[in-house]
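What follows is a short report on a single structure.
In the text below, chain A, chain B and the rest are named by the order of the sequence lines, each starting its count at 1.
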Number of protein chains: 2
Amino acid sequence: MRATCLKRSVTSTLSLDIIRWIAIILGSVTGSGAGHKSMSASSNAITIADIARAAGVSVSTVSRILNNKPDVAEGTRQRVQAIIAELGFTPHAQAQRLAAGRSRTIALLFPDAQLSLMREEFILGAAKAASDASYTFYLMTSDLTRHQLMALCRSALADGIILMEIHLRDWRVSYLKRIGFPFVMIGRCANNKGINFIDMDFERGIAQATEHLASLGHRKIALLTFPDDAHERGYGPAVRSRDSYMRTCKQLGLPTIVAPANDTRSQLAEATDALLNRHPDLTAMISMHGDTTIAVYRALERRDRRIPADVSVIAFITRRAAELFTPPLTAIDFPAYDFGYQAGRMLIAQLQGSGGVEHVLPPPQLVLRESVAPPCASRRNGSACPVGNHERRDAYR
Amino acid sequence: MRATCLKRSVTSTLSLDIIRWIAIILGSVTGSGAGHKSMSASSNAITIADIARAAGVSVSTVSRILNNKPDVAEGTRQRVQAIIAELGFTPHAQAQRLAAGRSRTIALLFPDAQLSLMREEFILGAAKAASDASYTFYLMTSDLTRHQLMALCRSALADGIILMEIHLRDWRVSYLKRIGFPFVMIGRCANNKGINFIDMDFERGIAQATEHLASLGHRKIALLTFPDDAHERGYGPAVRSRDSYMRTCKQLGLPTIVAPANDTRSQLAEATDALLNRHPDLTAMISMHGDTTIAVYRALERRDRRIPADVSVIAFITRRAAELFTPPLTAIDFPAYDFGYQAGRMLIAQLQGSGGVEHVLPPPQLVLRESVAPPCASRRNGSACPVGNHERRDAYR
DNA sequence: TTGAAAGCGCTACCAC
DNA sequence: GTGGTAGCGCTTTCAA
């Protein structure tokens, strides 16, 4: 409070030297360990008006300088900036945002569902994109109700949002589109006209994985996929991957074996067991699950089926997670960090009005590690079964 | 703009029915796909004044209702709330924050360093704590300079912050304490008087791990730890774990073998190799690294040393990551999600003035999985070496 | 129990 | 180039 009194009594007639002296006092008072919550009380902070007074200019001028407007004399700019630095002034974010009508914030709506090791990368990528552009990054977990989404938009907390877990027909997308609220998707709908997105190309990824396995000689290739209700709800990855799997198998003349399961280790273990019971002659599996695919490994171990000698496994997963598996998991690479970063970048570009609509669907990349081999006639004799000799990646970091 | 005109012309003399009708018009106008960016333009949104006008009360009253103040007649409250619901009004967050002087936001300062599979849990835990308390959650990556930290505090973007990667003497802590800005630590300093923290008890964890290995008969137990400069800088986990290791080994009469390395897979692999060269008779390792500990596994594999038959390994890691290892990693459990959640909860409690200082140092829990066994005299004959028969956890989820 | 009005700290328009 | 000033949308005394 003492600081406040001092500050408020400063008048524009004081010389710069005196102002500086006062700044020092202010600093030491504020800085003393006297236990008063100076910043949190938030009322005795330096304002743009203090700067203006100290510099002998108007608040408009200070504001212009703060916002890098061109129409300021170089001398003034320097003088004011010196004082800003000296008093250690930073504009009050909420005030700026209110007055400017923009929050310079993007929000990531992050599905609450459950932990998954690879999803950290989405978050960190998007956060990095925000900080690179001097934007604030707002992370929202918990799945939103329609009402909550409306509130988020109206609250003006963020200028734009990143959506994940997109369904082919997604009410959030319809809503945001209708009210004209800026957003981008990680994922995509059935119709994406006018909407920015970046998505994994599950169609091509599945085709690539299936063809790779088929080319090694596999005939019975199962798809471990999402639970049935994910398909029914039109969850993009679920529908696209299954369709592509069906199509590819048909083209290649292979039987189709689909095993739906929740993305938990226990359910996936069960599903794998059931699958092996039904199809003892299975030689390959494609998993749509992330790190929970470890449950598939464990289920195979328990039945004494070796990877890749007896059964080959492919998943969609980040490099980092894939390399934790033993044997390392051959996978369609899921560059989640990049996806997050690109989404953030696209959203900010959109907010700044630069560029048109971007539909980003990077070509899937199959990274060969050690969980895939040709099928072995002499099963249970895996060590005699030669491992395919492909490009191997041990991308340690 | 049409919406704006309509809205602005509404006067308090209009009947409620007409107001409702107008609300419908507004809704459909705003909702039409005419391509005007209604929300993003942010100027034609409904305000508290519109509500007041429509309800025939003052803005003060609406504000009171919005903030659940007690001094409002029940009838008024109901009537106004009905209108709020009808018009789909949500207060403008920035305006609220500016006027109230609080942002109801916490920020997590997340070390940029590098990806680590387990750290997602810190983030999601803290985010959950925020959302549970109706707080906004900002994630800030990139390590802050002193200047940036000052700016963050002064900007009033957040009411309080969560700090990670704490050093024994941490300039950020000194600064925040000095200016009285609310914060909590995941980690702790040498002196934590008056500061809330939650931390892994590395001292006890290391002691526990070392004693466990010693009790199985291990005599040469190495500590794979942080690089030397982390110690020099006084990074808490580095200093505390090494000290505890030294002390425990001394007490048990064991030699000390310390191998520092950066937390990257390649460096860790190198360090492991070097370690095995220097100490071929090593039978156990304790790793301070997270999922990068996979590099230790791989280095051992390459030298044909089996886990746990030839070498036992213990790390500090989340359950989820530990179970991806093969054999599953016996570990001091790192409940990172809970740590994040607790930190968030403590910070918000502090902001709301409830309760005193909390120093949370949960007792470390050693979870026995399959990477530890008694040392085997007949090395290279691992399969003959019996695996210890302890509590085993296969916590699938 | 309610209303009027003075801010919160900043931006941006308009005049000089 | 610069200054005055009217908001931005809300909270919060202080009176009534």
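Under 4.0 angstrom from either OP1 or OP2 of C:dT2 there lies no side-chain N or O belonging to B:K69. Regarding contacts with the backbone of C:dT11, a side-chain N or O of A:Q96 is found under 4.0 angstrom from either OP1 or OP2. Residue A:T47 places none of its side-chain N or O atoms closer than 4.0 Å to OP1 or OP2 of C:dC8. The side chain of A:S63 places an N or O atom within less than 4.0 Å of a non-bridging phosphate oxygen (OP1 or OP2) of C:dT11.
Per the geometry, CD belonging to B:Q94 stands 23 Å off P belonging to C:dG7, to the nearest Å. In this entry the distance linking CD1 of B:I48 with C1' of D:dT12 reads 11 Å, nearest Å. One can place CD1 of A:I65 at 12 Å from P of D:dG1, the figure rounded to the nearest angstrom. The distance between atom CG of B:L98 and atom P of C:dA6, rounded to the nearest whole Å, is 17 Å. The separation between B:Q78 atom CD and C:dT1 atom C1' is 16 Å, rounded to whole Å. The distance between atom CG of A:D71 and atom P of C:dT11, rounded to the nearest whole Å, is 14 Å. The interatomic distance linking A:R102 (CZ) with D:dG9 (C1') rounds to 17 Å, in whole Å. Between A:I51 atom CD1 and C:dT11 atom C1' the separation is 16 Å, expressed in whole Å.
You'll find a donor-acceptor pair under 3.5 Å spanning the side chain of B:S60 and the base of C:dA4, going by distance alone. The base of C:dG9 is not paired with the side chain of A:R97 by any donor and acceptor separated by under 3.5 Å.
Each of A:V184, A:T105, A:L152 was scored for a side chain to side chain contact (heavy atoms under 4.5 Å, CB included) with A:I161, with one residue passing: A:L152.
Of the candidates D:dG1, D:dG3, D:dT5, D:dG3 carries the atom nearest the A:R64 side chain, counting heavy atoms from C-beta on. If you check D:dG9, C:dG9, D:dT2 against the side chain of B:A99, the one that comes closest is D:dG9. Taking only side-chain atoms of A:T61, from C-beta outward, the nucleotide of D:dG9, C:dT11, D:dG3 with the closest atom is D:dG3.
Of the residues near DNA chain C, B:A95 and B:S58, the one whose nearest nucleotide (by heavy atom distance) lies more toward the 5' end is B:S58. Closest-nucleotide positions on DNA chain D for A:R77 and A:V59 were compared, and the one nearer the 5' end corresponds to A:R77.
One N or O on the side chain of B:N196 and one on the backbone of B:E358 form a donor-acceptor pair closer than 3.5 Å. For A:Q94 (side chain) and B:S103 (main-chain N/O), no donor-acceptor pair under 3.5 Å exists by modelled atom type. The backbone N or O of B:A55 sits less than 3.5 Å from a side-chain atom of B:R79, completing a donor-acceptor pair.
Heavy atoms of B:V57 sit under 4.0 angstrom from primed sugar atoms or phosphate atoms, though from no base atom.
A salt bridge is defined here as a Lys NZ or Arg NE, NH1 or NH2 lying under 4.0 Å from an Asp or Glu carboxylate O, and B:R172 with B:D170 meets this definition.
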